[in-house]
Amino acid sequence: MKTLPLLMIPVALIGFTSPAWADDGKLERAQLESLLDKADEYGFTHYEEISMEDGDRLELEGWGKDGWQLDVEMAVEDGSLIKEERRKAQVPDWALSGDQVRQALNNAFESDLQQFEQLDVDRDGSIEIEGYDTQNQEVELRLEGADFSVTGVEND
């Protein structure tokens, strides 16, 4: 009978003990919603970009209720603030409110998105959401800014 060396056992178990949010920078729906709630508490009212960074941070770019443009990084684990930059700026018409971001994400999750990586809003109002589908393949969804309908899906 062949046995595994003791050093191999801890390495083999690492994948079973690591938290789901650290899985290559992907977020499950509930985790993303919880972090967006933290962003609301922080003061975000409108968004331009939301993206995973290095598997353990969520970067949010947008505007706060006080009229400042915000660039914030939050720890995925607990939503704590890691970095903050502020610039005085007006909220553009094309920026998405928190409710609009949630509606766009809801439509994306209903269209086979399972894990989130990034959301971008273009100045023309179109929305692009990247992540992974039910087969764990990369997927890019394009949404119409007016009604958040999915207008295109591209699998990589």
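Hydrogens, waters and symmetry mates play no part in the numbers below; they use all other heavy atoms, side chains included. In this text, all values refer to a predicted model and were calculated from it rather than measured experimentally.
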Begin with the C-alpha distance, continue with both residues' side-chain angles, and end with the deciding distance and a verdict on side chain to side chain donor-acceptor pair (under 3.5 Å) for Ser126 and Asp124. CA-CA 6 Å; Ser126 61; Asp124 66 1; 2.7 Å; yes
Under the criterion salt bridge (Lys or Arg N to Asp or Glu O under 4.0 Å), I'd like the reasoning laid out for Asp71 against Arg86: C-alpha separation, chi angles, the key distance, then a yes or no. CA-CA 7 Å; Asp71 185 350; Arg86 291 177 172 255; over 6 Å; no
Chi angles and distances behind the side-chain contact (heavy atoms from CB on, under 4.5 Å) call for Val150, Glu110: CA-CA 10 Å; Val150 177; Glu110 288 178 1; over 6 Å; no
May I have the step-by-step check of side-chain contact (heavy atoms from CB on, under 4.5 Å) for Phe148 and Gln100, ending in yes or no? CA-CA 8 Å; Phe148 310 109; Gln100 291 171 320; 3.5 Å; yes
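Side-chain contact, Asp99 with Ser97: no donor N or O sits under 3.5 Å from an acceptor N or O. Checking Gln103 against Asn107 by side-chain atom types alone, no donor-acceptor pair falls below 3.5 Å.
Shown here for Ala75 and Leu35, the closest heavy-atom pair between the two residues is O-CD2, 3.8 Å. Across all their heavy atoms, Ala104 and Ile129 have their closest contact at O-CD1, 3.8 Å. Between Asp133 and Val139, the closest heavy-atom pair is N-CG1, 3.9 Å. Of all the heavy atoms in Arg29 and Phe109, the pair that sits closest is NH1-CB, 3.5 Å.
To the nearest 0.5 Å, atom CD of residue Gln115 and atom CD of residue Glu28 are 4.5 Å apart. To the nearest 0.5 Å, atom CD of residue Glu59 and atom CZ of residue Arg57 are 8.0 Å apart. The CG atom of Leu32 lies 9.5 Å from the CE atom of Met52; values are rounded to the nearest 0.5 Å. Interatomic distance, Arg123 CZ to Trp94 CH2, rounded to the nearest 0.5 Å: 4.5 Å. Atom CD in Glu73 sits 8.0 Å away from atom CG in Asp54 (nearest 0.5 Å). Atom CD of residue Glu53 and atom NZ of residue Lys83 lie 8.5 Å apart, to the nearest 0.5 angstrom.
Within the 3.5 Å criterion, the main-chain N or O of Gly125 finds no donor-acceptor partner in the side chain of Asp122. Of the possible polar contacts, one joining the Thr45 side chain to the Trp63 backbone as a donor-acceptor pair under 3.5 Å is found. For Thr151 (side chain) and Arg142 (main-chain N/O), a donor-acceptor pair under 3.5 Å exists by modelled atom type.
Heavy atoms from other residues, nucleotides or ligands lying under 6.0 Å from CG of Asp93 number 12 at most. Crowding of Arg87 atom CZ: a count of heavy atoms from other residues, nucleotides or ligands under 6.0 Å exceeding 12.
One finds a salt bridge joining Asp37 and Arg102 here, because a Lys/Arg side-chain nitrogen approaches an Asp/Glu carboxylate oxygen to under 4.0 Å. Classification of Lys65 and Asp40 as a salt-bridged pair fails, no side-chain N sitting under 4.0 Å from a carboxylate O.
In summary, of the residues considered (Glu48, Glu61, Gln90), a side-chain contact (heavy atoms from CB on, under 4.5 Å) with Gln69 occurs for Glu48 alone. Just one of Asp120, Leu36, Leu96 meets the side-chain contact (heavy atoms from CB on, under 4.5 Å) condition when paired with Ile50; it is Leu36.
Between Tyr132 and Glu138 there is a side-chain heavy-atom pair separated by less than 4.5 Å. Looking only at side-chain heavy atoms (C-beta outward), Glu144 and Ile127 stay at 4.5 Å or farther from each other.
Relative orientation of the Tyr42 and Phe44 rings is tilted, given thresholds of 30° and 60° on the angle between their planes.
Hydrophobic clustering (side-chain heavy atoms under 4.5 Å, transitive across Ile, Leu, Val, Met, Phe, Trp, Tyr) groups Phe116 together with Val153. Taking hydrophobic clusters as Ile, Leu, Val, Met, Phe, Trp and Tyr residues chained together by side-chain heavy-atom distances below 4.5 Å, Leu58 does not share a cluster with Ile82.
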